[in-house]
Number of protein chains: 2
Amino acid sequence: MKLSTRGKYGLYAMYYLAEHRNEGPQTLQSIASTGVPKQYLEQLLGNLRRAGLVASVRGAQGGYQIAKPPDQTTILEVIDAMEGPLALSECTTDEGSCKHACQCPVRKVWQRLTESINRELAGVTLGDMFEEIDDCEATVNE
Amino acid sequence: MKLSTRGKYGLYAMYYLAEHRNEGPQTLQSIASTGVPKQYLEQLLGNLRRAGLVASVRGAQGGYQIAKPPDQTTILEVIDAMEGPLALSECTTDEGSCKHACQCPVRKVWQRLTESINRELAGVTLGDMFEEIDDCEATVNE
DNA sequence: CGATATCCGATTAAATTTGTCGGGTATGGG
DNA sequence: CCCATACCCGACAAATTTAATCGGATATCG
């Protein structure tokens with residue numbers, strides 16, 4: 001069970017934008033400086049923009065900016081924007097897809113797990129990521 | 001973010017075996033009666049067997065049996081056997097893969113989330129699935 | 001106007017998942 | 001002993017998803 005690189009790239013990008021949120025629009029070029037293919041990242045930022053998580057400025061001197069304060073952007077929003085909503089089994093989202101009894105216990109497990117994982121993801125914000133940095137000169141870009 | 005069908009098929013199979021745990025070895029044929037391709041399920045049961053979750057009996061009258069009491073088999077074990085351990089980012093498992101500072105905050109988020117999702121998965125057992133069935137004639141096979 | 005930089009649909013390449021095939025091996029019953 | 005049964009297993013093929021690339025359109029600052 002793995003997350004695709006989309007989620008990872010997306011979160012790195014959001015973190016980068018959160019870090020530079022007071023420095024004007026950041027170009028794709030600078031966001032991609034971590035080694036993410038630029039044109040691929042462009043697609044991903046499109047998803048983040050359509051999800052309302054980043055704002056873009058077109059034209060010269062343009063770029064991307066985080067749309068909300070970091071502590072109002074949850075990891076859940078980022079992951080959902082990048083990979084679509086968490087669906088452990090179609091069972092839980094698409095009624096008709098289940099061949100079994102409508103109330104089958106396997107389904108209940110998926111629902112319960114889906115809810116608690118979503119709760120977990122919703123419980124962490126970009127802002128939280130800045131808290132423990134004191135003891136470490138961590139940077140996302142080289 | 002989705003789980004593959006492996007996890008789903010695997011959990012159905014485990015549930016089926018838990019249901020029929022006192023009825024001797026269950027053939028692949030009967031476990032697959034839900035519409036899962038038989039030969040594909042055979043592979044999956046191989047994984048479950050190597051993980052120690054089911055025991056098999058070869059030869060005529062053979063089949064598969066659950067290896068432990070249902071309340072001692074967690075969903076985490078099943079998912080891990082089917083899809084490998086949860087790894088949101090290689091960051092959390094493979095030290096060298098991270099180009100960023102060793103302590104980067106993005107990584108901490110992945111680690112924290114991985115731990116809590118695993119805790120969640122480990123908190124539900126096959127036995128738990130039988131508890132709420134009273135009000136519902138749920139069966140996994142048709 | 002022109003350099004900059006986002007936007008976007010289409011296409012290709014790579015990887016993973018899903019499913020199939022064919023033969024091997026163990027075992028109980030006649 | 002034989003043979004039908006049923007698990008075992010590696011290799012392969014098909015389908016789907018993910019990752020990345022391409023080419024050009026559009027917007028905007030100076």
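The figures that follow rest on heavy atoms only: side chains count, while hydrogens, waters and symmetry mates do not. To find a chain, count down the sequence lines: A is the first, B the second, and so on, and within it residues start at 1.
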Practice item. Working to the nearest 0.5 Å, report the span between NE2 of B:His20 and CD1 of B:Ile66. Key: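 With rounding to 0.5 Å, NE2 (B:His20) is 12.0 Å from CD1 (B:Ile66).
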Point to revise | Euclidean distance, A:Leu86 CG relative to A:Leu121 CG, rounded to 0.5 Å | key: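 Between A:Leu121 CG and A:Leu86 CG, I get 7.5 Å after rounding to 0.5 Å.
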Taking [atom1] from [X] and [atom2] from [N], how many angstroms apart are they, rounded to a whole number?
X: A:Tyr64; N: C:dA5; atom1: OH; atom2: C1'; result: 8 Å
X: A:Leu41; N: D:dT18; atom1: CG; atom2: P; result: 18 Å
X: A:Leu44; N: C:dG9; atom1: CG; atom2: C1'; result: 16 Å
X: A:Gln61; N: C:dG2; atom1: CD; atom2: C1'; result: 13 Å

Practice item. Assert yes or no for the condition that the ring centre distance of B:Tyr64 to B:Tyr16 is strictly below 6.0 Å. Key: no
Practice item. Answer with yes or no whether the hydrophobic clustering places A:Val57 together with A:Leu17; edges join I, L, V, M, F, W, Y residues whose side-chain heavy atoms lie under 4.5 Å apart. Key: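 No; A:Leu17 is not reachable from A:Val57 via cluster members.
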Review point. Which nucleotides of nucleotides 12-21 of chain C have their base under 4.0 Å from a protein heavy atom (B), which only their sugar-phosphate (S), and which neither (-), written as one string 5' to 3'?
Key: -----SBBBB
Exercise for review: Mind checking A:Leu28 for me? I need base, sugar-phosphate or nothing, with any heavy atom below 4.0 Å counting as a touch.
Suggested key: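 Answer is sugar-phosphate: A:Leu28 comes under 4.0 Å of backbone atoms only.
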Check your understanding: What nucleic acid atoms does B:Gly46 come within less than 4.0 Å of, heavy atoms only: base, sugar-phosphate, or nothing?
Key -> nothing
Check your understanding: So does A:Arg58 reach the base of D:dT28 with its side chain, donor to acceptor, closer than 3.5 Å?
Key ->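 Answer is no: no donor-acceptor pair is held.
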**Study point:** Check: B:Ser4/B:Glu83 side-chain N/O donor and acceptor closer than 3.5 Å
**Key:** yes
Review point. Which residue pairs pass the side chain to side chain donor-acceptor pair (under 3.5 Å) test when at least one of the two sits in residues 39-61 of chain A, sequence neighbours left out?
Key: A:Asn47-A:Arg50
Point to revise | Nearest atoms (heavy-atom pairs only) where B:Ile75 meets B:Met129 | key: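 What the structure gives for the nearest pair is CD1-SD, 4.4 Å.
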Check your understanding: What parts of residues 47-57 of chain A reach DNA chain C, counting only heavy atoms under 4.0 Å away?
Key -> A:Arg49, A:Arg50, A:Ser56, A:Val57
Exercise for review: For the pair B:Ser30 (side chain) and B:Gln26 (backbone), establish whether a donor and an acceptor sit closer than 3.5 Å, ignoring hydrogens and angles.
Suggested key: no
